[in-house]
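Shown next, in structure tokens, is the structure this report addresses.
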Amino acid sequence: MKFVLLGPPGSGKGTQAKKLAKKFEIAHISSGDILRSEVSRDTALGKQVKQYMDRGEIGPQELITEVILNYISGNCPFGFVLDGFPRTRYQAKKLEEKFDIVAAILLDVPEDEIIKRITGRRTCRDCGRIYHVDYNPPENDGKCDACGGELFLRSDDTEETVRNRMKVYYEETMPVIEFFEKKKVLHRVVGTGEQEKIFGEILHIV
Ligand code: AMP
């Protein structure tokens, strides 16, 4: 079970990847979460990628690809669902050289919806659960329903950075969609509407 979830920032990749990973007891690999953890621990890698993340740009390609591919090799005995990786054609090729991807699922969401979603997004610092201040608020302001952890706004979830991340997505990640299309493993899912309905469509594909 080796899946890739594709889509613009804020398309619901993280939410759906978590559901899929839980359902099939496979690993959820979010390159953004891995890199954010490196930044917050102030590691050598964290120091190198921080400035790129703050600007919403692709970090040093070869280094990040090596880190993520090694992470997959060491942590996924039963399969994986990738979220945020691959983000460029280079990364897609490197991934394919090592692993057979059975399905790449693209969540389609229009750009104006993305901006609304991302600027209202809040993430739990402890368990990573994702909320939205209007569409999916927690029961208690600023606290995670699942674990009580503090909810925070990602520093790259501001409107200006989101616009840059969208630009990067169109320029760098669109070729990844074509890459999987050519391999005949690409599936498109409408990424708006009820989370459960979207998940149902993903399960149908899987
Ligand atoms: P995400 O959480 O997927 O939105 O990623 C947040 C930020 O981490 C991105 O804007 C990039 O700066 C960096 N990042 C995440 N995944 C990758 C990747 N596969 N390659 C390069 N940079 C990445």
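We count ligands from 1, going down the list as the structure has it; atoms in each ligand are counted the same way. This one's a predicted model, so the numbers in the text were calculated from it and none came from an experiment.
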Worksheet item: Atoms of ligand 1 less than 4.0 Å from Asp156 heavy atoms?
Response: 6 (C)

Item to complete: Could you walk me through whether Asp100 and Lys2 pass the salt bridge (Lys or Arg N to Asp or Glu O under 4.0 Å) test, one step at a time?
Response: CA-CA 7 Å; Asp100 251 336; Lys2 302 189 181 82; over 6 Å; no

Worksheet entry | Atoms of ligand 1, numbered as shown, that sit under 4.0 Å from any heavy atom of Leu35 | 13 (C), 14 (N), 15 (C), 23 (C)

Discussion item. Determine whether Arg41 and Glu38 satisfy the following criterion, salt bridge (Lys or Arg N to Asp or Glu O under 4.0 Å), listing intermediate values before the conclusion.
Written reply: CA-CA 5 Å; Arg41 288 182 289 124; Glu38 297 283 332; 3.3 Å; yes

Discussion item. Residue-level breakdown please: for Lys50 versus ligand 1, do any non-hydrogen atoms fall below 4.0 Å on the side chain, on the backbone, on both, or on neither?
Written reply: neither

Practice prompt. Check ligand 1 against Gly59 and write out every atom of the ligand that is under 4.0 Å from a heavy-atom position of the residue.
Written response: 21 (C), 22 (N)

Item to complete: Answer yes if the ring centres of Phe24 and Phe78 are under 6.0 angstrom apart, and no otherwise.
Response: no

Discussion item. Only heavy atoms of Arg36, strictly under 4.0 Å: list the atoms of ligand 1 that pass.
Written reply: 2 (O), 6 (C)

Worksheet item: Does the side chain of Glu111 come within less than 4.5 Å of Val162's, by heavy atoms?
Response: no

Worksheet, complete the sentence: When every non-hydrogen atom of Arg165 is compared with those of Asp156, the smallest separation belongs to NH1-O, 2.6 Å

Worksheet item: Nearest heavy-atom pair of Leu186 and Leu6: which atoms, and what distance?
Response: CD1-CD1, 4.0 Å

Worksheet, complete the sentence: Near Ser31 (heavy-atom distance under 4.0 Å), the atoms of ligand 1 are 15 (C), 16 (N), 17 (C), 19 (N)

Discussion item. Below 3.5 Å, N or O to N or O, backbone or side chain included: is there any such pair between Pro86 and ligand 1?
Written reply: no

Discussion item. Would Arg154 count as a contact residue for ligand 1, given that I'm defining contact as a non-hydrogen atom of the residue lying under 4.0 Å from a ligand atom?
Written reply: yes

Worksheet, complete the sentence: Heavy-atom closest pair (Cys147 atom, Asp126 atom, distance to 0.1 Å) is SG-CB, 3.9 Å

Discussion item. Within ligand 1, which atoms have a heavy atom of Arg165 less than 4.0 Å away?
Written reply: 4 (O)

Item to complete: Could you tell me whether the side chains of Gln195 and Thr15 share a donor-acceptor contact shorter than 3.5 Å?
Response: no

Fill in: Pair Thr161-Thr158, side-chain donor/acceptor within less than 3.5 Å
yes

Worksheet item: Is Arg87 in polar range of ligand 1, meaning some N or O pair under 3.5 Å apart?
Response: yes

Response to the item:
The atoms of ligand 1 lying under 4.0 Å from a heavy atom of Gln91, numbered in the order shown, are 18 (C), 19 (N), 20 (N), 21 (C)

Practice prompt. Measure the distance from atom 7 (C) of ligand 1 to every protein heavy atom, then report the residue, atom name and distance (to 0.1 Å) of the closest one.
Written response: Met53 CE, 3.8 Å

Practice prompt. Just jot down the ligand 1 atoms closer than 4.0 angstrom to any heavy atom of Glu57, in number order.
Written response: 11 (C), 12 (O)

